[in-house]
Amino acid sequence: MREKDVVAWGSMISGFCQSRKFREALDYFGKMKVDGGVRPDSDIMSSVINACTGLENVDSGCVIHGYVIKSGLHQDVYVATSLVDMYSKCGFLGMAERLFSDMHDKNLVAWNSMISSYCRNGLPDQSIKLFSRIIQHGFYPDSISITSVLTAVSSTAALLNGKIIHGYVIRLEIESDIHLENALMDMYFKCGFLKYSEYIFQNMSQKDLVTWNCMISGYGSHGNCIEALSLFNEMKSSGIKPDDVTFLSLISSCNHAGLVDEGHKIFQSMRAEHGVEPKMEHYVNIVDLFGRAGRLDDAYNFVKSMTIEPDRRVWLSLLCASRTHLNVELGELAAHYLLKLEPDRGSNYVQLLHMYGDAELWEKAANIRATMKEKGLKKTPGCSWIELRDKVDVFFSGDSSSMRTVEIYEILHSIGKHMEKEGGDSEIMETI
DNA sequence: TTAGGGTTAG
């Protein structure tokens, strides 16, 4: 009878987790303990940890972790993997790493969990390294290992690694699924190999919302807005309903291509035609869209018409646009709201500082510098990278440590001149 | 009658 009780509680708790009612799952766990007489097993503890992950509540997770240790269930591979997942999704990578290395009987799921943990926490190289250790430890990667490591490859844009992994899938005859194909397609896009992405897309036996979103954003980020818009129509005809990601990709694509009215029209159609509620990200993109095109009045009127309270990104976007198109009055207004929300981020002041510099308002610029110094603020430098001859080169904004700095700037200058002749983007010119 | 890992934007 007692065993049945455990099963009954377990069914309730996991049922709540599956329907994403994490709060209720934790409440039931609480009730179970109060009612007494039932010792939770590893299944229940995995579900309970899963509920903490879903709530992104690391405090509850720590309490549960303590409980797990006391009840001796921390050695269980299911429970330990749930903990690795919970800590990494809450941003505590160190804890996840420690638990992973302490696991005695790591199975493939545990390895996969750690591979995605690294990538999720901004260490894609570690993720790729760990992947290559799977086989050394006697496991064959499955579709989930591949999907996870492909995500890591995508974020480093390391095409060679991506191709090697694609090779694994073919040689080891790893059973593919839609997640893997989506990740593969996205990886080729991110590494600039559009033809491969298209090939995979065309040959997919089934396409889901993520498939379409990957394609639309892939085209958009490579400046092919027309193709992105035509895919959107195709997607609708195929019966897949667009979501907030679809719209963000479309608006950002219009943004890159300078199709201002088209982008705004798409934004307006979100709620009216598709029943998708715009989020802050969509608002930010529209402000950016108007701002980039120099339509500052439209940008500001749009901010004033927002139905949700604008956050820092909205004001920052307006400030950057005001700087680019030298509208000091609007820039100061945007900066006022921005600094009210976030007074301690260096990059906010830097935008304002540059605007004053561009407008030759030296006294105001000096005041901003003084404030920054007083607050001890610095801006984190921008960074980009490229893979050439199997090696990834990283560049930091303003970095002059390279032996070939002079040469680099000479080439940049000549590209700038060339662009000027061709009537290029004034913002890029200014950067050069 | 129950358990752990994966894909899309900016």
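Quick note on labels: first sequence line is chain A, next is B, and so on, each numbered from 1. Only heavy atoms go into these numbers, but all of them, side chains included; no hydrogens, no water, no symmetry mates.
A close approach under 4.0 Å does occur between a side-chain nitrogen or oxygen of A:K89 and OP1 or OP2 of B:dG6. For A:Q18, no side-chain nitrogen or oxygen approaches OP1 or OP2 of B:dT2 to under 4.0 Å. Proximity of A:K106 to the phosphate of B:dG4: no side-chain N or O atom is located under 4.0 Å from OP1 or OP2.
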Worked verdict on A:Y300 versus A:F290 for ring pair (Phe, Tyr, Trp, His ring centres under 6.0 Å): CA-CA 9 Å; A:Y300 184 44; A:F290 281 130; over 10 Å; no
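Comparing B:dG4, B:dT7, B:dT8 against the side chain of A:A183 picks out B:dT7 as the nearest. For A:V210, whose side chain is taken as the heavy atoms from C-beta onward, the closest listed nucleotide among B:dG4, B:dT7, B:dA3 is B:dT7. Of the listed nucleotides (B:dA9, B:dA3, B:dG6), B:dG6 has the atom at the smallest distance from the side chain of A:I144. Comparing B:dT8, B:dA3, B:dT2 by their nearest atom to the side chain of A:D41 picks out B:dT2. Listed nucleotides: B:dA9, B:dA3, B:dG6. Nearest to the side chain of A:K190: B:dA9. Each of B:dG6, B:dA9, B:dA3 was ranked by its minimum atom distance to the side chain of A:S14; first place goes to B:dA3.
Atom P of nucleotide B:dT8 and atom CE of A:M187 are separated by 13 Å, given to the nearest angstrom. Rounding to whole angstrom units, CD1 of residue A:I240 and C1' of B:dT8 are separated by 13 Å. The nearest whole Å value for the distance from the CD1 atom in A:I174 to the C1' atom in B:dG6 is 13 Å. Rounded to whole Å, atom P of B:dA9 lies 11 Å from atom CZ of A:F189. The interatomic distance linking A:D208 (CG) with B:dT7 (P) rounds to 13 Å, in whole Å. Distance, A:H222 NE2 to B:dA9 P: 12 Å, rounded to whole Å. Distance CG (A:L248) to P (B:dA9): 9 Å, rounded to an integer number of Å. The distance between atom NE2 of A:H179 and atom P of B:dT8, rounded to the nearest whole Å, is 11 Å.
Under the 6.0 Å cut-off for aromatic ring centres, A:Y219 and A:F189 qualify, their centroids lying closer than that. For A:Y349 and A:Y356, the gap between ring centers reaches or exceeds 6.0 Å. Aromatic ring centroids of A:F100 and A:W111 lie under 6.0 Å apart.
If you check every strand for non-hydrogen atoms under 4.0 Å, A:D142 touches a base. Using a 4.0 Å heavy-atom cutoff across all strands shown, A:S42 reaches at least one base atom of the nucleic acid. Residue contacts shown for A:V77 include a base, since a base heavy atom lies under 4.0 Å away. Using a 4.0 Å heavy-atom criterion, one finds that A:N50 contacts the sugar-phosphate atoms exclusively. Counting any heavy atom pair closer than 4.0 Å across all strands shown, A:N107 reaches a base atom. A:T211 comes within 4.0 angstrom of nothing in the nucleic acid, heavy atoms only. At the heavy-atom level, A:L150 lies nowhere under 4.0 Å from the strands shown.
For B:dG6, its base sits under 3.5 Å from the side chain of A:T147 at one donor and acceptor pair at least. Side-chain atoms of A:N182 and base atoms of B:dG6 include no donor and acceptor less than 3.5 Å apart.
A:T246 and A:D243 are linked by a side-chain donor-acceptor pair at a separation below 3.5 angstrom, with hydrogens and angles left out of the test. Side-chain polar atoms of A:Y87 and A:E97 form no donor-acceptor pair below 3.5 angstrom.
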